[in-house]
Amino acid sequence: MQRQFFEMPTLIVARDLLGKRLVRLAGEQRVAGYIVETEAYRGEEDLGCHAHAGLTPRTRIMYGLPGYAYIYFTYGMHWMLNFVTEAPSFPAAVLIRAIVASEGLEFIASRRNGQPPRSWTNGPAKICRAMEINGALNGADLCAENSQLFVEKGKDIPDSFVTTTPRVGLKNVVEPWKSIPWRFVSTLPHHLLSEAT
DNA sequence: AGCACGATTAACT
DNA sequence: GTTAATCGTGCTC
């Protein structure tokens, strides 16, 4: 996807990322999967968004150009992958919450040892663990020619297979941010994702 | 300088 | 359904 895709309003980007292919090049290894769950975080007004604290060392990437990776560490052990959206003057990003693995399955399996395929990448930190995504990729340009992390066109998901719900894990966030339906989930059967569009 | 908590996960009961 | 693991971040003192 080109920069102009990520420049669009965050809710549109979050919706349209469903079905697209997340690709990670780890050395010679290509690892990929279809995005099936996202969440939108937009602006300092959004009390669920890290940018509610303003411009800090942690949030500076969200105050930069769209199409860059905002990757942060939480719970003392987990990495989370986000894509920066909209103009630099408006801090916003889309959290990638789940993908269906399609390439590099052996690589993923080895990094998710002991877990069944169903549990490989069905959570934001699981994706990062499975694809070797960490702080070293924070600030990476997804639109650069030789990027190790980028998004490709995949399978278009019809509106009839898209569900929205409140965002996950915002336990102590006040309304309306706690319940605003900015989580996007693809309900398309996983086996249909691998077909050509 | 200290502290409460988190855009979670895996392993329990 | 419950809970420990584990530490960077941002806020208060």
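Letters A, B, ... mirror the listed sequences (proteins, then strands); counts begin at 1.
One can place CD1 of Ile61(A) at 18 Å from P of dG8(C), the figure rounded to the nearest angstrom. Arg58(A) places its CZ atom 8 Å from the C1' atom of dG10(C), with the value rounded to the nearest Å. Rounded to whole Å, atom C1' of dA7(B) lies 12 Å from atom CZ of Arg183(A). With rounding to whole Å, Ile71(A) atom CD1 is found 16 Å from dT8(B) atom P. What separates OH of Tyr75(A) from C1' of dG10(C) is a distance of 16 Å, to the nearest Å. One can place CE of Met77(A) at 13 Å from P of dT8(B), the figure rounded to the nearest angstrom. Atom NE2 of His52(A) is separated from atom C1' of dA7(B) by 11 Å (rounded to the nearest Å). Atom CD in Gln115(A) sits roughly 17 Å away from atom P in dT8(B) (whole-Å rounding).
Counting only heavy atoms from C-beta on, Phe73(A) has its side chain closest to dG8(C) among dA7(B), dG8(C), dT9(B). The side chain of Pro124(A) sits closest to dT8(B) out of dA11(B), dG10(C), dT8(B).
The only option from Asp16(A), Thr10(A), Leu11(A), Leu17(A) that meets the side-chain contact (heavy atoms from CB on, under 4.5 Å) definition with Val13(A) turns out to be Leu17(A).
Using a 4.0 Å heavy-atom distance criterion, Lys171(A) is classed as making no nucleic acid contact. No contact: Arg129(A) has no heavy atom under 4.0 Å from any strand. Backbone-only contact: Gly123(A) has heavy atoms under 4.0 Å from sugar-phosphate atoms and none from a base. Residue contacts shown for Leu95(A) include a base, since a base heavy atom lies under 4.0 Å away. Nucleic acid contact for Thr56(A): sugar-phosphate only, since backbone atoms but no base atoms lie under 4.0 Å from a heavy atom of the residue.
Using the six-membered ring where Trp is involved, Tyr72(A) and His50(A) have ring planes that are perpendicular, over 60° apart on the 30 and 60° scheme.
Ile127(A) places a side-chain heavy atom less than 4.5 Å from the side chain of Leu22(A). Between Trp177(A) and Trp182(A) there is a side-chain heavy-atom pair separated by less than 4.5 Å. Side-chain contact between Phe150(A) and Glu145(A): absent, with no pair of heavy atoms (C-beta onward) separated by less than 4.5 Å.
For the OP1/OP2 pair of dG6(B) and a distance below 4.0 Å, the side-chain nitrogens and oxygens of Asn172(A) include at least one atom meeting the criterion. Contact annotation: Thr74(A) side-chain N/O to dT8(B) OP1/OP2 distance is not under 4.0 Å. Taking 4.0 angstrom as the limit, His50(A) places none of its side-chain polar atoms (N or O) nearer than this to OP1 or OP2 of dT9(C). Remark: Arg112(A) is in phosphate contact with dA10(B), judged by side-chain N or O atoms under 4.0 Å from OP1 or OP2.
Pair assignment for dC5(B) gives dG8(C), based on Watson-Crick or G-U wobble hydrogen-bonding distances that are each under 3.5 Å.
Between Val168(A) and Lys126(A), the residue whose closest nucleotide on DNA chain B is further toward the 5' end is Val168(A).
A donor-acceptor distance shorter than 3.5 angstrom exists from the side chain of Arg112(A) to the backbone of Ser119(A), with no hydrogens or angles considered.
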